[in-house]
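Starting from 1, each residue takes its place in the sequence as its number. Both counts, for ligands and for their atoms, begin at 1 and track the order of listing.
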Amino acid sequence: MPVLFNATVATMAEGGAPYGLIANGALALRGAAIEWVGPADQLPAQFSGDEHFDCGGRLITPGLIDCHTHIVHGGNRAHEFEMRLGGATYEEIARAGGGILSTVAETRLAKDAVLLADAARRVDALMAEGVTTLEIKSGYGLDAATEMKMLRIARVIGRTRPLSVVTSFLGAHAVPAEYKGRADAYLDEVCIPALEAAHAARFVDAVDGFCEAIAFSPAHIERLFLKAKALGLPVKLHAEQLSNSGGAALAARFAALSADHLEHLDHEGIDAMKAAGTVAVLLPGAAYTLRETTLPPVAKLRQAGVPMAVATDCNPGSSPLSSILTAMNMACTLFRLTPEEALAGATRNAARALGLADRGVIAAGKRADLCLWDASHPAELSYRIGFNPLSERIFGGAL
Ligand code: DI6
Ligand code: FE
């Protein structure tokens with residue numbers, strides 16, 4: 001049973017020192033779990049004969065968790081990046097059949113092996129920065145076969161790489177061209193049957209939707225969520241990203257794990273999320289890419305005590321970002337989170353946003369998903385830009 005010693009441990013446990021910091025800490029691991037954590041001078045004698053690893057004063061944090069990604073997708077949208085720089089808006093491009101629908105066309109055509117290889121490069125970039133748990137959404141198929149293909153590839157990534165993958169069914173991401181103006185028919189004829197089939201194949205861990213003027217109304221999302229509930233699946237929602245449509249309050253009514261984006265969230269949404277325990281997932285990569293000037297109401301979320309998570313939203317359109325550390329930096333600089341909130345956002349609160357009670361903090365009984373950093377204080381993780389101080393990544397107790 002390995003013992004890690006001579007480390008600064010940021011447990012991220014709530015209620016104690018900032019970051020749950022232990023200056024001269026030690027950790028005892030047993031199999032895939034943490035058996036003991038505390039000050040090195042209090043290490044119980046039972047561990048003294050075990051193999052000891054000197055961490056050389058490095059920082060240990062929980063493994064990082066990216067709780068919102070669209071990392072499996074065909075092609076890229078660099079040409080839309082050029083169009084936006086030329087003055088077109090994200091919504092104009094979407095309404096003209098570009099945007100999400102152009103990635104749908106590429107994802108439908110893409111061979112499994114190509115989708116997998118492309119996604120794997122981005123997954124590997126996240127893992128190289130210490131990500132040990134990753135959420136992956138479908139939503140670029142919008143037909144049953146391609147939604148299944150995306151989710152199957154997400155499961156393959158989770159089986160073949162040392163990280164946990166959690167999937168979300170995002171069939172209600174956009175109305176496909178063949179159902180233009182017929183969102184209800186799309187839900188009845190494609191989206192809901194595809195959800196049932198993917199659920200039967202055990203490909204779905206949660207149900208997500210895009211509640212927005214250019215996508216689905218709250219009434220549409222409610223129908224989808226009723227089906228999710230009937231299947232026993234938790235829900236989450238892309239809400240109030242480009243405008244306020246009451247999606248966050250709707251999600252809260254369904255006890256959603258999270259409501260995500262939230263730039264246009266109002267106080268009713270905040271109160272509903274607080275009451276339901278719904279996590280606010282902040283996606284600064286999308287706000288940055290779209291040069292969004294309305295920021296999520298971070299001060300009000302903080303004041304209300306709504307837990308905040310931070311994720312990359314890795315996707316080919318609004319957030320082509322494969323760096324969780326950059327997302328944390330952006331959360332601080334653009335959204336005014338503290339570095340402690342940013343790290344909690346990629347550990348403790350990200351775990352909560354995925355409904356995973358077994359990770360996100362360093363404590364006895366939790367999974368031994370850990371990062372060792374060449375850093376002396378956890379604020380350094382959010383502070384640098386384009387620099388990776390990861391020294392070791394431990395997944396389920398394995399280096
Ligand atoms: N909001 C987003 O930021 C992504 N999906 C969504 O509902 C963007 C997806 C894309 O532009 O491809
Ligand atoms: Fe998203």
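Look at Asp260 and Lys236 and you find no salt bridge, because none of the NZ, NE, NH1 or NH2 atoms lies under 4.0 Å from a carboxylate O. A salt bridge does not link Arg108 with Glu106: every distance from a Lys NZ or Arg NE/NH1/NH2 to an Asp or Glu carboxylate oxygen is 4.0 Å or more. Arg122 and Glu129 are not joined by a salt bridge, as no carboxylate oxygen comes within less than 4.0 angstrom of a charged side-chain nitrogen. Salt bridge status for Arg393 with Asp369: absent, with no side-chain N to carboxylate O gap under 4.0 Å. Between Arg58 and Glu392, none of the side-chain N atoms (NZ, or NE/NH1/NH2) sits under 4.0 Å from a carboxylate O, so this pair counts as no salt bridge.
For atom 11 (O) of ligand 1, the nearest non-hydrogen atom of the protein is Tyr90 OH, 2.5 Å. In this structure, atom 12 (O) of ligand 1 lies nearest to the protein heavy atom Tyr140 OH, 2.6 Å. In this structure, the protein non-hydrogen atom closest to atom 1 (N) of ligand 1 is Gln241 OE1, 3.0 Å.
The residue among Leu283, Leu170, Thr69, Asn315 with a heavy atom at the shortest distance from atom 4 (C) of ligand 1 is Asn315.
Within a 6.0 Å sphere centred on OH of Tyr383, heavy atoms belonging to other residues, nucleotides or ligands number 12 at most. The local environment of CZ in Arg30 is sparse, with at most 12 non-hydrogen atoms from other residues, nucleotides or ligands closer than 6.0 Å.
Judged by the shortest distance from any of its heavy atoms, His73 lies outside the 4.0 Å radius around the atoms of ligand 1.
Shown in contact with Ser318 at under 4.0 Å from a heavy atom are these atoms of ligand 1, numbered in order with element: 2 (C), 3 (O), 4 (C), 8 (C), 11 (O). Those atoms of ligand 1 that come under 4.0 Å of a heavy atom in Ile100, given as number and element, are 9 (C), 10 (C), 11 (O), 12 (O).
Arg182 has its side chain out of reach of Val175: every pair of non-hydrogen atoms, C-beta onward, lies at least 4.5 Å apart.
Residue contacts with ligand 1, taken as heavy atom pairs separated by less than 4.0 Å, involve Arg77 solely via side-chain atoms from C-beta onward. Neither the backbone nor the side chain of Glu212 comes within 4.0 Å of ligand 1, counting heavy atoms alone. The residue Thr103 has no part lying near ligand 1, judged by heavy-atom distances below 4.0 Å.
The Fe ion (ligand 2) lies under 2.8 Å from an N, O or S atom belonging to His238. Residue Asp313: an N/O/S atom is found under 2.8 Å from the Fe ion (ligand 2).
At least one cation-pi condition fails for Arg223 and Phe216: the charged atom is not both under 6.0 angstrom from the six-membered ring centre and inside a 45 degree cone around its axis.
With the Fe ion (ligand 2) as vertex, His70 NE2 and His68 NE2 subtend 100°, rounded to 10°.
Some N or O of His173 is nearer than 3.5 Å to an N or O of ligand 1, by distance alone.
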